[in-house]
Protein chains: 2
Amino acid sequence: MRTEGRAKRLPRAVRERQIMDAAVDVFSRLGFHAASMDEISEVAGISKPMLYAYLGSKEELFATCIRREATRMMEAIATGVEPDQEPDVQLWSGLRAFFGFVGENRTSWMVLHRQASTQGGPFAVELTDMRSRAVSLVAALLTQSTKAPATKLEAESLAAALVGAGESLAEWWLDHPEEPAGVVAARLMNLVWMGFGDLVDGNVWHPPSRR
Amino acid sequence: MRTEGRAKRLPRAVRERQIMDAAVDVFSRLGFHAASMDEISEVAGISKPMLYAYLGSKEELFATCIRREATRMMEAIATGVEPDQEPDVQLWSGLRAFFGFVGENRTSWMVLHRQASTQGGPFAVELTDMRSRAVSLVAALLTQSTKAPATKLEAESLAAALVGAGESLAEWWLDHPEEPAGVVAARLMNLVWMGFGDLVDGNVWHPPSRR
DNA sequence: CCTGATACCTACTCGTGAGTAAGACTACTG
DNA sequence: CAGTAGTCTTACTCACGAGTAGGTATCAGG
């Protein structure tokens with residue numbers, strides 16, 4: 001497609017955004033190692049030295065992508081959750097927000113989770129950081145429940161399990177895009193709140209207001 | 001370490017095993033792209049042309065690794081699960097077997113799950129295949145329960161969610177190796193069988209016989 | 001002790017991709 | 001219409017890794 005000769009002159013801030021978008025796209029499709037700076041620059045519509053001038057090395061660029069997308073996601077969840085509600089309602093709104101974000105930002109989720117979790121070193125750190133923020137959120141929700149699990153450590157583990165289940169269900173969802181976000185969220189909600197023991201007896205959890 | 005000049009002469013079958021072990025090790029540590037055939041040959045204690053003579057190209061080698069490890073794991077689970085028992089006991093034994101395998105084969109699990117799931121194309125196929133076998137197993141377990149979830153599709157989804165939770169909890173476990181396998185398994189068992197709704201009320205699930 | 005055959009090696013080719021040098025175009029500012 | 005700051009390019013260097021050519025050591029049977 002290399003049809004254009006010289007790119008339109010644009011202010012740095014705008015170019016940086018374009019480059020970041022292109023980088024997220026390419027990293028999510030090919031993975032960190034298989035992605036090349038040449039391809040990213042081509043997708044971004046500029047030449048390679050611009051990449052290095054603005055965003056530094058390949059590793060720096062990737063880390064920057066991860067941080068940006070992680071922040072976007074945590075903000076989406078934070079604004080979606082409804083505090084001062086019953087624990088189950090809080091959990092429900094959080095799950096809705098999470099799956100809503102993933103559904104509308106599949107590429108972001110890929111580069112954020114699928115790629116970052118497999119590249120060791122500095123990248124995993126960013127991910128771990130975001131995950132632990134999410135875990136603390138859920139753990140707080142659990143300990144706040146009246147008859148909470150005995151130890152604080154126990155709550156943390158359960159929260160980690162739930163967050164892990166969410167991550168992994170989102171991962172699974174990538175391969176089954178036909179399901180709507182609400183359905184996936186409700187499924188996980190039922191699983192973790194009611195448990196199979198209740199579900200096989202026909203006891204299901206319902207959101208407070210049917211839409 | 002290149003101290004040895006020429007390797008001890010060994011029959012082909014033995015060398016192939018050594019090479020496979022080395023490949024799983026290196027792939028799990030570095031990932032598919034970052035792993036080099038040079039390093040694999042060095043770890044295996046032979047020279048590069050032997051790799052190509054015995055196991056073909058890098059892609060073939062990787063695919064062979066995945067297939068071997070997936071088979072090993074499914075066999076471990078199949079022999080661990082106790083059929084003709086109550087659903088919860090069956091699930092419990094399956095979880096024990098699964099986490100037992102992962103705990104004793106961390107590198108296998110890494111190359112199998114973490115690496116294969118991120119390299120597109122032929123590799124993901126092997127993984128998907130193994131996962132769907134696991135899902136069918138759990139789905140059968142659920143539909144066999146007396147008052148099972150309404151539709152067959154519903155059971156499949158829940159099974160997928162559970163398998164996903166297991167995968168992801170195992171993933172999480174890689175970063176928290178201090179926890180014993182039984183504890184991790186029990187935690188997931190409680191989460192998915194009782195649900196948070198019961199757990200916050202103090203209702204927990206107990207294995208049939210305390211050891 | 002010759003003769004395959006099989007295990008094994010050193011030493012290359014060759015493509016690809018990260019990162020850079022050196023300069024050209026545009027636009028504002030005096 | 002300089003001069004200078006910021007945008008953007010072509011055209012390299014250089015390292016690393018996949019895959020191979022061509023040869024050497026060791027064993028098994030005659």
Side-chain angles (χ1 to χ4, degrees), chain A residues 1-23 25-65 115 119-123, chain B residues 1-23 25-65 115 119-123:
Chain A
M1 293 300 163
R2 299 217 115 290
T3 53
E4 343 164 21
R6 199 176 198 80
K8 192 86 189 290
R9 214 181 149 85
L10 286 176
R12 176 168 185 152
V14 177
R15 274 282 183 248
E16 281 188 352
R17 265 186 77 126
Q18 287 182 0
I19 294 175
M20 295 282 291
D21 291 342
D25 175 43
V26 174
F27 279 135
S28 69
R29 287 203 327 268
L30 304 179
F32 175 73
H33 261 97
S36 71
M37 296 296 261
D38 289 272
E39 173 146 9
I40 293 175
S41 69
E42 184 156 341
V43 171
I46 57 158
S47 65
K48 204 159 48 146
M50 294 301 297
L51 275 186
Y52 287 89
Y54 285 172
L55 277 311
S57 72
K58 188 183 181 184
E59 292 208 344
E60 288 177 67
L61 174 60
F62 188 55
T64 308
C65 287
Q115 303 305 331
Q119 314 301 336
F123 310 134
Chain B
M1 298 299 164
R2 297 220 119 289
T3 53
E4 346 164 19
R6 200 177 199 79
K8 194 86 189 293
R9 210 181 153 86
L10 286 178
R12 175 167 183 154
V14 177
R15 273 281 183 250
E16 281 188 353
R17 268 187 74 127
Q18 286 182 359
I19 295 174
M20 294 284 291
D21 292 342
D25 175 43
V26 175
F27 279 134
S28 69
R29 287 203 327 267
L30 304 178
F32 175 73
H33 261 96
S36 72
M37 295 298 260
D38 289 270
E39 173 147 9
I40 293 174
S41 69
E42 184 157 338
V43 171
I46 56 159
S47 66
K48 203 160 48 147
M50 295 299 299
L51 274 186
Y52 287 90
Y54 284 170
L55 277 311
S57 72
K58 187 183 182 184
E59 292 209 343
E60 288 176 68
L61 174 61
F62 188 56
T64 307
C65 287
Q115 302 306 329
Q119 313 301 335
F123 310 133

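A, B, ... follow the sequence lines: proteins, then strands. Residue 1 opens every chain.
Shortest non-hydrogen contact noted between Glu16(B) and Tyr54(B) is OE2-O, 3.9 Å. In terms of heavy-atom proximity, Cys65(A) sits nearest to Ala23(A) at SG-CB, 3.7 Å. The two residues Gln115(B) and Gly31(B) have their closest heavy-atom pair at OE1-CA, 3.0 Å. Here the closest heavy-atom approach between residue Ala35(A) and residue Val26(A) is recorded as CB-CG1, 3.7 Å.
Here the side chains of Met20(B) and Leu55(B) are in contact, with some heavy-atom distance below 4.5 Å. Counting heavy atoms from C-beta on, the side chains of Val43(B) and Glu39(B) come closer than 4.5 Å.
For the pair Lys58(B) and Phe27(B), the cation-pi criterion (under 6.0 Å, within 45° of the ring axis) is not fulfilled.
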What does the list of N/O pairs under 3.5 Å between the protein and nucleotides 13-16 of chain D look like, with a distance for each?
none

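One finds a side-chain N or O of Arg15(A) lying less than 4.0 angstrom from the OP1 or OP2 phosphate oxygen of dC8(D). An OP1 or OP2 oxygen of dT9(D) is reached within less than 4.0 angstrom by a side-chain nitrogen or oxygen of Ser47(A).
To the nearest angstrom, P of dT6(C) lies 18 Å from CD1 of Ile46(B). Straight-line distance from the NZ atom of Lys48(B) to the P atom of dT13(C): 14 Å, rounded to whole Å. The interatomic distance linking Lys8(A) (NZ) with dT9(D) (C1') rounds to 18 Å, in whole Å. To the nearest angstrom, C1' of dT10(C) lies 13 Å from CG of Asp38(B). Rounded to whole angstrom, the span from the CE atom of Met37(A) across to the C1' atom of dT16(C) amounts to 15 Å. We find that CZ of Arg12(A) is positioned 16 Å from P of dA5(D), with the value rounded to whole Å.
Interatomic distance, CD of Glu42(B) versus OG of Ser36(B), reported as 8.5 Å (0.5 Å rounding). Distance check: Thr64(B) OG1 to Ile19(B) CD1 gives 11.0 Å after rounding to the nearest 0.5 Å.
Counting any heavy atom pair closer than 4.0 Å across all strands shown, Ala34(A) reaches no nucleic acid atom.
Looking at Asp21(A) and Arg17(A), no side-chain N of the basic residue comes within less than 4.0 Å of a carboxylate O on the acidic one, giving no salt bridge.
Near DNA chain C, defined here as any heavy-atom distance below 4.0 Å, the residues from residues 50-63 of chain A are Tyr52(A), Ser57(A), Lys58(A), listed numerically.
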Discussion item. How would you summarise protein contacts on nucleotides 21-30 of chain C per nucleotide, using B for base, S for sugar-phosphate only and - for none, with heavy-atom distances below 4.0 Å?
Written reply: B--BBBS---
Worksheet item: How far apart are the C-alpha atoms of Tyr52(A) and Met37(A), what are their side-chain angles, what is the distance that settles it, and do they pass the side chain to side chain contact (heavy atoms under 4.5 Å, CB included) test?
Response: CA-CA 9 Å; Tyr52(A) 287 89; Met37(A) 296 296 261; 3.4 Å; yes
